[in-house]
Amino acid sequence: MKTSNPLNLSSRQKQQPTGQPYRLGLTIFFVSISLILTFGISLSLGAVHLNVSQLWQALWHQGDLVNQTILWDLRLPRVVAAIAVGSALGTSGALLQGMLRNPLAEPFLLGISAGAGLVVIVMVTLGSLQAWIPFGAWLGAIITTAIVYFLARTGNEIAIERLILGGVAISSLFGAIQTTLLLLAEEGRIQTALNWIVGSLNGRGWSEVGMASPYILLALIGACWLGRYLNVLNLGDELAVGLGINLGRSRLLIGATATLLAASAVSMAGLIGFVGLIVPHGMRLLLGGNDYRWLIPLSAAGGALVLSIADLLSRLGSVELPVGAVTALLGSPLFVWLLYRRSF
């Protein structure tokens, strides 16, 4: 029997509520305007307030040299880092929720946080060069996820149940090792390790942005291309196979893209949770459907918006909070609510 090309299923997807042009256009407009406003406010507010005139002059390297330094060396790279990290985490969450068909899935489910955190703790404990910590976090996340995928393989396919259980097991093991190493570390090095574990954008400059952003950009492009395949996978395994989809290869490609996004985010900002959980749900609510051709790019924009707002809130008080703590405060109630809904 001749199988159909899964990419030709787009006409079927157009029958879903997300195909309504008005609602889609309104969602894109709302997210875009909110992101632009948040971007401008983040550049303006801080320990030193910059009004519109001062901000404009500093942007064109004019006016007070102190304002130029604040904008170009401190705030602008930090805001760009928040946008890059947020978009990576939001997209990674959308990919994993689509692949696992589980609304509670988020980027750290596959042990990404545990692998990255373990490598960082080891490097800090051994007193390695600080410049190598982002690369070490990225490498640890990639290797850990590869181990989890190896444990989940059954023949030529990847079992979702084994994937989740493998991620939980590896996370528990690496978490215990992290705790032991922190107890053995010198007191002066503990704070450096904690900054990575809780997630922070403080002190992030153009070097960190330049290191991870190319990987994030390439993975975002690949994620948008994978949206059509996620639509087919969500119709069910049997129908997807009947339409010519290779389940093992598709899940490996989707998982690898999600891991690259999350690992790149970790290498830049440390371990920031819940963005990958709350953003795809918010975009589904705005879209009124689950069409991944639109959900993935909107999750990228929504993730950038959420993390930019969280970073802005984290530095408005007299004491700066880690942005990971702010996202946890925002995301934990939603996680409990989702878990409560699934119990009925």
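The structure presented is a predicted model; accordingly, all values stated were derived computationally and were not measured.
- Without hydrogens or angle criteria, Asp311 side chain to Leu307 main chain gives no donor-acceptor distance under 3.5 Å.
- A donor-acceptor pair is defined here as one N or O able to donate and one able to accept, closer than 3.5 Å; such a pair exists between the side chain of Gln178 and the backbone of Ala114.
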For this session: Starting from the C-alpha separation in whole Å, work towards a yes-or-no answer on side chain to side chain contact (heavy atoms under 4.5 Å, CB included) for Tyr292 and Leu226.
Result: CA-CA 8 Å; Tyr292 283 91; Leu226 289 169; over 6 Å; no
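- By the criterion of side-chain heavy atoms lying less than 4.5 angstrom apart, applied directly or through intervening Ile, Leu, Val, Met, Phe, Trp or Tyr residues, Ile221 is not grouped with Leu295; the two fall into different hydrophobic clusters.
- Counting only distance, with no hydrogens or angles, the side chain of Ser267 and the backbone of Ser264 share a donor-acceptor pair below 3.5 Å.
- Val279 and Leu330 are not part of a single hydrophobic cluster, where members link through side-chain heavy atoms under 4.5 Å apart.
- Partners of Glu320 according to the side-chain hydrogen bond (donor to acceptor under 3.5 Å, both in side chains) rule, which considers only residues two or more places apart in sequence or in another chain, are Arg78.
- Aromatic ring pairs are classed by plane angle as parallel below 30°, tilted from 30° to 60° and perpendicular above 60°; the pair Trp72 and His61 is parallel.
- For the residue pair Ala262 and Ile112, the shortest heavy atom distance occurs at CB-CD1, 3.6 Å.
- Closest non-hydrogen pair, Pro214 versus Val209, comes out as CD-O, 4.3 Å.
- Rounding to the nearest 0.5 Å gives a distance of 10.0 Å between OG of Ser213 and CG of Leu220.
- Within the 4.5 Å cutoff, side-chain heavy atoms of Leu181 are placed close to those of Leu118.
- Panel note: side chain Ser42, backbone Leu312; no donor-acceptor pair is recorded below 3.5 Å.
- At least one side-chain heavy atom of Leu230 sits under 4.5 Å from a side-chain heavy atom of Ile254.
- One N or O on the side chain of Gln54 and one on the backbone of Asn51 form a donor-acceptor pair closer than 3.5 Å.
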For this session: Take Phe274 and Leu329 through the test side chain to side chain contact (heavy atoms under 4.5 Å, CB included) and record every step on the way to the result.
Result: CA-CA 9 Å; Phe274 291 103; Leu329 290 173; over 6 Å; no
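- One distance of note links CG of Leu286 with CD1 of Ile28; it measures 11.5 Å at 0.5 Å rounding.
- Formation of a donor-acceptor pair under 3.5 Å by the Asn67 side chain with backbone atoms of Leu55 is not found in this model.
- Residues Met268 and Ala212 approach most closely at CE-CB, 3.5 Å, considering heavy atoms.
- Scanning both residues, Ala219 and Leu261, for their nearest heavy atoms gives CB-CD2, 3.4 Å.
- Around atom OH of Tyr215, no more than 12 heavy atoms belonging to other residues, nucleotides or ligands sit under 6.0 Å away.
- The main-chain N or O of Gly324 is found under 3.5 Å from a side-chain atom of Thr327 such that the two form a donor-acceptor pair.
- Once rounded to the nearest 0.5 Å, the distance linking CG of Leu95 with CD1 of Ile296 reads 4.5 Å.
- Judged purely by atom type and a 3.5 angstrom limit, Arg204 has no side-chain atom pairing as donor or acceptor with the backbone of Pro77.
- Considering only heavy atoms from C-beta on, Val148 stays 4.5 Å or farther from Arg162 through its side chain.
- In this structure a side-chain-to-backbone donor-acceptor pair under 3.5 Å is missing from Glu106 to Val275.
- Ile83 places a side-chain heavy atom less than 4.5 Å from the side chain of Phe39.
- Note: Leu298 CG to Cys224 SG = 9.5 Å, rounded to the nearest 0.5 Å.
- Annotation for Trp56: atom CH2 does not count as buried by contact number, only 12 or fewer foreign heavy atoms lying within 6.0 Å.
- Looking at heavy atoms from C-beta onward, Thr179 lies out of side-chain contact with Phe174 at the 4.5 angstrom threshold.
- Side-chain N or O atoms of Gln97 include none that pairs as donor or acceptor with a backbone N or O of Ala94 at under 3.5 Å.
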Problem set entry | Criterion side chain to side chain contact (heavy atoms under 4.5 Å, CB included) on Val266 and Trp138, from CA distance to verdict | CA-CA 7 Å; Val266 167; Trp138 182 83; over 6 Å; no
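- Side-chain heavy atoms closer than 4.5 Å link hydrophobic residues (I, L, V, M, F, W, Y) into clusters, and following such links, possibly through other members, connects Leu252 to Val232.
- Leu239 CG to Asn234 CG: the interatomic distance, rounded to the nearest 0.5 Å, is 11.5 Å.
- Contact detail for Ser314 and Val326: the closest heavy-atom pair is CB-CG2, 3.8 Å.
- Both Leu233 and Leu235 are assigned to one and the same hydrophobic cluster, defined by single-linkage of ILVMFWY side chains at heavy-atom distances under 4.5 Å.
- Following chains of ILVMFWY side-chain contacts shorter than 4.5 Å, one cannot reach Leu59 starting from Leu35, and the two form parts of different hydrophobic clusters.
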For this session: Give the C-alpha distance, both sets of side-chain angles, the deciding distance and a yes or no for side chain to side chain contact (heavy atoms under 4.5 Å, CB included) between Leu139 and Val119.
Result: CA-CA 8 Å; Leu139 189 63; Val119 173; 6.0 Å; no
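- Taking OH from Tyr229 and CZ from Arg251, the interatomic distance works out to 15.5 Å, rounded to the nearest 0.5 Å.
- When all heavy atoms of Arg315 and Val79 are compared, the closest pair comes out as NH2-CG2, 4.3 Å.
- For the side chain to side chain contact (heavy atoms under 4.5 Å, CB included) test with Leu71, the passing option among Leu43, Val48, Val66 is Leu43; the others fail.
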